[in-house]
Protein chains: 2
Amino acid sequence: MATIRELARRSGVSVATVSRVFNTPEVVSQHTRQRILDLAAEIGYLPNGSARTLATKKSNMVGLVWDTDHRRPGWRHPFLQEILVALKTALSAHGLNLLMLAGHDAAGPDDGQRYVRAVRQHNLDGAVIIDNGTRDPAVLALVEAQVPCVALDLRVDGPTSTYITSDNAGGAALAVRHLVERGHRRIATITGPLRTWPGAERLVGFRAALAGAGLQLADGHVVEGDFYLDGGHAAMDRLLALDDRPTAVFVAGDEMAVGAMRAAQAAGLRIPDDIAIVGFDDIEVAALIPPGLSTVAQNKPGFGTAAAEALVAMLHGGDDPPKPTVLPTTLVVRGTT
Amino acid sequence: MATIRELARRSGVSVATVSRVFNTPEVVSQHTRQRILDLAAEIGYLPNGSARTLATKKSNMVGLVWDTDHRRPGWRHPFLQEILVALKTALSAHGLNLLMLAGHDAAGPDDGQRYVRAVRQHNLDGAVIIDNGTRDPAVLALVEAQVPCVALDLRVDGPTSTYITSDNAGGAALAVRHLVERGHRRIATITGPLRTWPGAERLVGFRAALAGAGLQLADGHVVEGDFYLDGGHAAMDRLLALDDRPTAVFVAGDEMAVGAMRAAQAAGLRIPDDIAIVGFDDIEVAALIPPGLSTVAQNKPGFGTAAAEALVAMLHGGDDPPKPTVLPTTLVVRGTT
DNA sequence: GCCGACAATGTAACCGGTTTCAGGTAACCG
DNA sequence: CGGTTACCTGAAACCGGTTACATTGTCGGC
């Protein structure tokens, strides 16, 4: 393994000069620079990342906090894969790597400082937080420790942190307006967990849009779900048991919407004739399941790229507190409406 | 930021002793050890990972090679999320972290050495390769460079590398036998890309099982697909255009199977009465799409845990070449058969 | 009472870079 | 021709750990 001293010796310069070739190339003369670069390529020299990190305290790595909730074994993010692809691509375009941080599953004590510890131990430059749905104290510790952070779908801010989210309220409004246009008057909703940011916001948007259309929200027409399929099914069952059963339901998550569709079908209802459904997320199944789930689509890669941009801005950029990014949503009309 | 010298000074011992407390605790006296640990907790001392890596050349990090194929923007692994969860959990139980390595998307030259470079630069202890479907030369460079590697669904082996795969041939055989039991005699298959390991093996298993059942494989009853939905659709169209149309199709991937179902339905065929379909993978949609896709299920978390085990065995274990892991598959019968 | 073994700790070199500061050379100016 | 100045390079301290080797002290055996 070639080291910098080896390379310096061979090319007859000092280690300082070699170091400069890789860090501030403009200060070393064209001639020596080229000679060193050629030789470096020849002997296969690569600057050692650990040494560099040790000296500079910058690792060019950001942590990925994605806590696979131990209380909920089947926990899945609706479109983790798309986010990850976009995030990784955008980060590596800036020379940043992504380190997956261990969550609850990690060995060692858990005093709520586990992410902070990991960040300090590895000299991470920042962190991306993919919401686990709850305000994990360990996550909050991260932003309190002034680690540059960008959270997805979790509302955190401060001098060194910001968040990316879809226009949840606006998306919900899109859904409602669409249903109203289709002639529905009795519109219910199955929400996400209301302690989560998207869960809460989509309900806010729903209510506002309903009011905007001059419609009343009937008793029992708001049922809190859990973003999972079975939860959606159960919630729909409750709606269908009502005396003034709604003719349309805005379901705040596609997975729940699929469950809701099943519940409706199990109750012998035809979709969309007897009951219309609009989901949120636009996950893969939405297009596949007959008759096709109308839904509010999120800009999935947008989460990843926006997160990368925001993080880079905080790392390289000035001191002005970063602005949250709100990604626009779009309505996708399929067969359920 | 407390350093080891600071901690040493405060507790009145040498840095060597402090270091030993964290690395070989048994050699330092109970009394001093406790005193140092207490003080460490008090001042919040954490060993610096970079310094440690620099000195020991072990980083306790493994690279994740997951090349999001730039030639195929929509490239998705059928169950990346499940693998990732299991992998991360299993690795962190051994104190290992996962670093996502940049692929084609990275800046800099691409001479096929990009992963090797990344590994050397960060002193990675090993790598997990999530197959991109092709034998990427950059991946092969990794195993040639004697980096401890474990590949998923990609057959690589050598003194420092091994792979994890499902029993693809066996799974295909399960599917065929199931169809035979249902009374089918004219069984066709839509394969994955035959240059991929799972694509090839599933075809092998298919052929063997057919022969084992004493059945002939008719001309044109093997159509190569691409693991994507549209490819499955197109392949099914070709099968349905045949004179001796099959009564059952083994589709070597669920995503393709969904496409195939659509093609069949578009052609006015009833499933499973006019044509039966068995998929492979057991992705989420399989259970959701009516009438429910019968399929060969893979042990998804198994990939992650097995990969972690294999890697740990190579890192800590002896020099005996690691054994590949073949995960059993199971048949899940739903409505398409 | 001396010696060897052993347990606990310290000293200092080393891992492979970065960076401050200073030195040398050549060009330029008055 | 002396003095700036700009440009390029080198010497050496430093980042925060690990570890080979040396040292000290205790104790048991003979």
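Chain A is the first sequence line, chain B the second, and so forth, proteins listed ahead of strands; every chain is numbered from 1. Note: hydrogens, waters and symmetry copies are ignored here, and every other heavy atom, side chains too, is used.
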List for me each residue that meets salt bridge (charged side-chain N to carboxylate O under 4.0 Å, His left out) alongside B:E82, sequence neighbours excluded, and say none if there are none. A:R76

For A:R10, enumerate each residue passing the salt bridge (charged side-chain N to carboxylate O under 4.0 Å, His left out) test, keeping only those at least two apart in sequence or located in another chain. A:E6

A:H122 NE2 to D:dG17 C1', in whole Å, measures 15 Å

Evaluate A:T162 against A:D157 for side chain to side chain donor-acceptor pair (under 3.5 Å), listing each step before the verdict. CA-CA 5 Å; A:T162 188; A:D157 44 75; over 6 Å; no

Results of side-chain contact (heavy atoms from CB on, under 4.5 Å) for A:S14 - residues two or more places apart only: A:A16, A:T17

Quick one: side chains of residues 19-26 of chain A, donor-acceptor pairs under 3.5 Å with protein atoms, not counting sequence neighbours, listed by atom name and distance.
residue, atom, partner, partner atom, Å
A:S19, OG, A:N23, ND2, 3.3
A:N23, ND2, A:S19, O, 2.9

Residues that A:V119 engages under side-chain contact (heavy atoms from CB on, under 4.5 Å), provided they are two or more places apart: A:L124, A:L142, A:V147

Sequence-distant partners of A:R5, salt bridge (charged side-chain N to carboxylate O under 4.0 Å, His left out), two or more places apart: none

Walk along nucleotides 14-22 of chain C from 5' to 3' and tag each nucleotide B, S or - by protein heavy-atom contact under 4.0 Å, base first, then sugar-phosphate. -BBBBBB--

Take the C1' atoms of the five end pairs on each side of the helix from C:dG1-D:dC30 to C:dG30-D:dC1, get both axes, and report the angle to 10 degrees. 50°

Using a strict heavy-atom distance below 4.0 Å, which residues from residues 27-44 of chain A are in contact with DNA chain C? none

What pairs with A:Q146 under side-chain contact (heavy atoms from CB on, under 4.5 Å), at least two apart in sequence or on another chain? A:P159, A:T160

Residues 37-51 of chain B, side-chain donor-acceptor partners within the protein, below 3.5 Å, at least two apart:
residue, atom, partner, partner atom, Å
B:N48, OD1, B:S50, N, 2.7
B:N48, OD1, B:A51, N, 3.0
B:S50, OG, A:N123, OD1, 3.3

Counting only pairs under 3.5 Å, give me each side-chain donor-acceptor contact of residues 305-315 of chain A, with atom names and distances, residues two or more places apart or in other chains.
residue, atom, partner, partner atom, Å
A:T305, OG1, A:P301, O, 3.2
A:T305, OG1, A:G302, O, 3.3

